[in-house]
Amino acid sequence: QVQLVESGGGLVQAGGSLRLSCAASGRTASIIAMAWFRQAPGKEREFVAGSMWSSSGTIYADSVKGRFTFSRDNAQNMASLQMNSLKAEDTAVYYCAARLSTIGAMRAEAYNYWGQGTQVTVSS
């Protein structure tokens, strides 16, 4: 089992910044990749950013490219999401997720473990 705990959400004005963190514990050696997803009210959960645990490549959703930065610390089993130039449409619950397989990088159903979520609210 893998446990994921997010932190760092909150309320921020449009144009502001927030940093989300995700701490992984348990059987972390089995993790192949980690990612951030988000879900706004009435919408499906969508991929935001993610990276394979053993490589430097990172994938971003088009809507956040140039504004959000995914990073990870393998030694500390942590993943972070730096969010800059936030917009009202970024308002959502943000989830950290871990995947045990090598496929399905952007598909929520491919991820095996999820955090409890942290609310990000951007006021316009």
Side-chain angles (χ1 to χ4, degrees):
Q1 291 287 331
V2 173
Q3 294 78 42
L4 303 173
V5 178
E6 304 103 333
S7 61
L11 173 64
V12 64
Q13 289 188 335
S17 298
L18 280 175
R19 184 178 181 87
L20 306 182
S21 296
C22 175
S25 61
R27 299 186 64 179
T28 56
S30 62
I31 297 174
I32 298 297
M34 291 187 71
W36 290 93
F37 286 76
R38 67 186 181 185
Q39 188 167 20
K43 295 187 177 182
E44 292 187 355
R45 191 167 298 189
E46 65 174 356
F47 175 84
V48 176
S51 173
M52 299 286 284
W53 212 233
S54 60
S55 75
S56 58
T58 302
I59 304 172
Y60 294 96
D62 289 343
S63 58
V64 306
K65 281 181 181 176
R67 300 188 299 122
F68 290 12
T69 302
F70 176 97
S71 61
R72 68 177 192 273
D73 182 334
N74 290 19
Q76 298 294 324
N77 292 316
M78 292 195 67
S80 299
L81 186 68
Q82 178 65 42
M83 306 184 293
N84 298 328
S85 302
L86 282 162
K87 305 176 182 178
E89 50 264 43
D90 294 319
T91 295
V93 177
Y94 283 70
Y95 297 91
C96 176
R99 178 162 52 92
L100 306 185
S101 68
T102 58
I103 59 174
M106 300 177 70
R107 295 188 294 113
E109 57 268 28
Y111 287 78
N112 306 92
Y113 298 101
W114 294 84
Q116 80 285 358
T118 185
Q119 177 70 46
V120 171
T121 303
V122 184
S123 61
S124 58

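As the structure is a prediction and not an experimental result, all values here were calculated from the model. Side-chain atoms are counted along with the backbone in the values below, which use heavy atoms only and exclude waters and symmetry mates.
Contact check for Arg67 versus Met83: no side-chain heavy atoms found under the 4.5 Å cut-off. Residues Met34 and Leu4 meet the side-chain proximity criterion, which asks for heavy atoms closer than 4.5 Å.
There is a path of hydrophobic side-chain contacts, each under 4.5 Å, that joins Val122 to Trp36. Cluster annotation: Val48 is connected to Leu86 through the hydrophobic network of ILVMFWY side chains, with a link wherever side-chain heavy atoms come within less than 4.5 Å. Taken together through direct or relayed side-chain contacts under 4.5 Å among Ile, Leu, Val, Met, Phe, Trp and Tyr, Leu20 and Val12 form part of one hydrophobic cluster. Residues Phe70 and Tyr111 do not share a hydrophobic cluster, defined by chaining ILVMFWY side chains whose heavy atoms lie under 4.5 Å apart. Met106 and Phe68 are not part of a single hydrophobic cluster, where members link through side-chain heavy atoms under 4.5 Å apart.
Taking the six-membered ring for Trp and thresholds of 30 and 60 degrees, Tyr95 and Trp114 have ring planes more than 60 degrees apart, a perpendicular arrangement.
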Please step through side-chain hydrogen bond (donor to acceptor under 3.5 Å, both in side chains) for the pair Ser80 and Gln82, ending with a clear verdict. CA-CA 6 Å; Ser80 299; Gln82 178 65 42; over 6 Å; no
Under the salt bridge (charged side-chain N to carboxylate O under 4.0 Å, His left out) criterion, do Lys87 and Asp90 qualify, and how do the steps go? CA-CA 5 Å; Lys87 305 176 182 178; Asp90 294 319; over 6 Å; no
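Counting heavy-atom neighbours within 6.0 Å of Arg19 CZ, excluding the residue itself, gives a total above 12. Within a 6.0 Å sphere centred on CD of Gln13, other residues, nucleotides and ligands contribute 12 heavy atoms or fewer.
When all heavy atoms of Ala105 and Ile59 are compared, the pair lying nearest together is CB-CD1, 3.9 Å. In plain terms, the two heavy atoms of Lys43 and Gln39 that are nearest each other are O-NE2, 3.1 Å. Taking both residues in full, the closest heavy atoms of Gly57 and Ser51 are given as O-OG, 2.9 Å, listed atom of the first, atom of the second, then distance. Across Tyr60 and Ala49, no two heavy atoms sit closer than the pair CD2-CB, 3.5 Å. Asn84 approaches Ser17 most closely through the heavy-atom pair OD1-OG, 2.9 Å. Across all non-hydrogen atoms, the minimal contact from Thr91 to Ala40 is O-CB, 3.7 Å.
Under the 3.5 Å distance criterion, the side-chain polar atoms of Gln1 are left unmatched by any main-chain donor or acceptor of Arg27. No donor-acceptor pair closer than 3.5 Å links the side chain of Arg72 to the backbone N or O of Asn74. Checking side-chain atoms of Ser85 against main-chain N and O of Gly15 turns up no donor-acceptor pair under 3.5 Å. A donor-acceptor contact shorter than 3.5 Å links the side chain of Glu6 to the backbone of Gly117.
Atom CZ of Arg45 is separated from atom CZ of Arg38 by 13.0 Å, given to the nearest 0.5 angstrom. In this structure, Gln119 CD and Leu11 CG are separated by 9.5 Å, a value rounded to the nearest 0.5 Å. Atom OG of Ser30 is separated from atom CZ of Arg99 by 12.5 Å, given to the nearest 0.5 angstrom.
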